[in-house]
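Chain A is the first sequence line, chain B the second, and so forth, proteins listed ahead of strands; every chain is numbered from 1. Computed from a predicted structure; not experimentally measured. Side chains are part of it too, since the values below use all heavy atoms of this structure and drop only hydrogens, waters and symmetry mates.
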Amino acid sequence: MHGTWWIAYVSMFSLRNIAFVIFGALGALAPVSAQNSRTAEQIVQMRCTVCHRVDLLEQQRLTSQGWEREVAKMRGWGAAVDDSETAAIAAYLASRYSPPGPKPVRVTDDSSAAGNLLKMRCTVCHGTDLIEAQRLDAAGWRRELVKMTGWGAQLSPDEIELLIGHLAP
Amino acid sequence: MQLSAVTRRRFLDAALRAGAATALVGVDAFAAVAEQVVPGPLIVHSARPQDLETPSELLTSWITPNELFYVRSHFYTPTIREETWTLQVDGEVASPLMLTMDALLRMPAKTVPATLECAGNGRGNYDPPVAGVQWRKGAVGTARWTGVPLADVLARVGVKRSATFVWLDGADTPLGRAPDFIRSVPLEKALRGDVLLVYAMNGERLTPAHGFPVRVVVPGWEGAYSVKWLTHITVSNHDHPGAFVATAYRLPRYPIAPGGVVDPSETVPIRGLAVKSIITAPTDDAVVTRGDAVTISGFAWSGEDDIRSVDVSVDSGRSWVTARLGRDRAPYTWRQFSLPWRPTEPGSRVLLSRATDTRGRRQPLAADWNPGGYAWDVVDRIRVNVQPA
């Protein structure tokens, strides 16, 4: 995967280095207040696509740590991203382009509506430990929640949808 | 079981919030709240119902000490007094029978060592993930089980010619509207003299978590056949239609694409156990020093069959060396294996173990995915980081 990144990057770099110098420099000169009000997505669109397109980001599967390293490397290569933007961009990219597979869920200290619902209805029979140990996608959670309502869990159809959206966002 | 007023009230609050469904949960749920206080060195996958795994590095002896033995419970541990416990035996029999504990203890007993493994051991490795307890390696252990052969009890009641299955039910009550945990053993297996109605484990009375006062042990078959808290044996002329027989503990007839679903009619029940090995030492991600004398060890088992050999690789499977098998052995039990290793180069190494049984079955290199996440039997692997001396 990293090999692909390098090849793609190097080949595009030679084609786009002129644009990189011009727009990258412009990005670096933008006022700080304006940068802070931008979303991570906007920053990525603005700074990263100076040299390459989003397709190069979309095929990556990196952890938060992996994305932090990549962003740091790109800054070293001239990406006009400042310290305050680095963490936001890395977190944004990690949330979208991360290793495959469902992410573990947190229930115990989750005070959202769905979190409270899980704690109220599901823990009548079993602990939150069993919920947090699962690594299911939306279809898997739907099967489980339907099974559990069959087994007596008090969940309305709307509540099931709320929980699926929360457990497998 | 004694519960504090606070614990009891907390349970009642939860019960009231849940409404009608909880009414079905019953009194046993109070005992289950107390289960939250457990388990020494065991990994708690679920505190209630109790699902506890042995950390694999603590599996060091051929016999697993009782306090380290994994626990798998579908529902809460029932509180049973052996003075009032009875075992009902009925169905396709000439003369139904009700046994008390005293009556069972008066029958000739037998001790059978056997390895029990949960059908879901290793479920946590499946990709895509499968719902259920996310067992790693340690839902397996070996004990000496003492009890009365089921065949002797069946001989007393007189099994009719029409009989084909023996249904086993315990005192645990399903939560909410969940189906009762009933399992079904084909008569042929049930009549083998080594299927026991067990009351002692490694010479000690069963603990509640392990099925006090009486559990079944079906040697060589996945753990769910070994029903705990046994209270009712029904001899039947057909397989049990309940969810834990007709839907769960089954594998697709043919491997299916990962993530798919399969109709129960296209599945077969899990019987026996696959040939399998696990490396228990060094631990995964252990750090050793170049030149150290390291012993790679673990266990291998194959249900009703014996282990012929275990091969170990210290170079990601490029080459294999046959490990030494431990002296302790018995039908239905695992064998220990060990291989001395003195790493000569630094670096992060992948160590593998692969067992072959006496029927010639070998562990696969890749997993066939199944929707229940059962029967994980792939060549085991750990990583060992060798640092320069």
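- Arg75(A) CZ: more than 12 foreign heavy atoms inside a 6.0 Å radius.
- Between His126(A) and Tyr76(B), the closest heavy-atom pair is N-OH, 4.0 Å.
- In this structure, chain A has a heavy atom under 4.5 Å from the side chain of Val261(B), while its backbone stays farther away.
- When heavy atoms are compared at a cutoff of 4.5 Å, Thr149(A) approaches chain B solely by way of its backbone atoms N, CA, C and O.
- Glu58(A) CD: more than 12 foreign heavy atoms inside a 6.0 Å radius.
- With chain A as the partner, the residue from Ala178(B), Gly259(B), Pro179(B) showing the most heavy-atom pairs under 4.5 Å is Ala178(B).
- In terms of heavy-atom proximity, Leu130(A) sits nearest to Ser46(B) at CD1-CB, 3.7 Å.
- Taking both residues in full, the closest heavy atoms of Ala131(B) and Leu136(A) are given as N-CD2, 3.4 Å, listed atom of the first, atom of the second, then distance.
- Contact between Cys125(A) and Leu175(B) at its shortest, heavy atoms only, is SG-CB, 3.7 Å.
- Put simply, CG on Asp129(A) and CZ on Arg48(B) are 8.5 Å apart, with the number rounded to the nearest 0.5 Å.
- When atom types are taken as modelled, the side chain of Arg135(A) and the backbone of Asp127(B) share no donor-acceptor pair closer than 3.5 angstrom.
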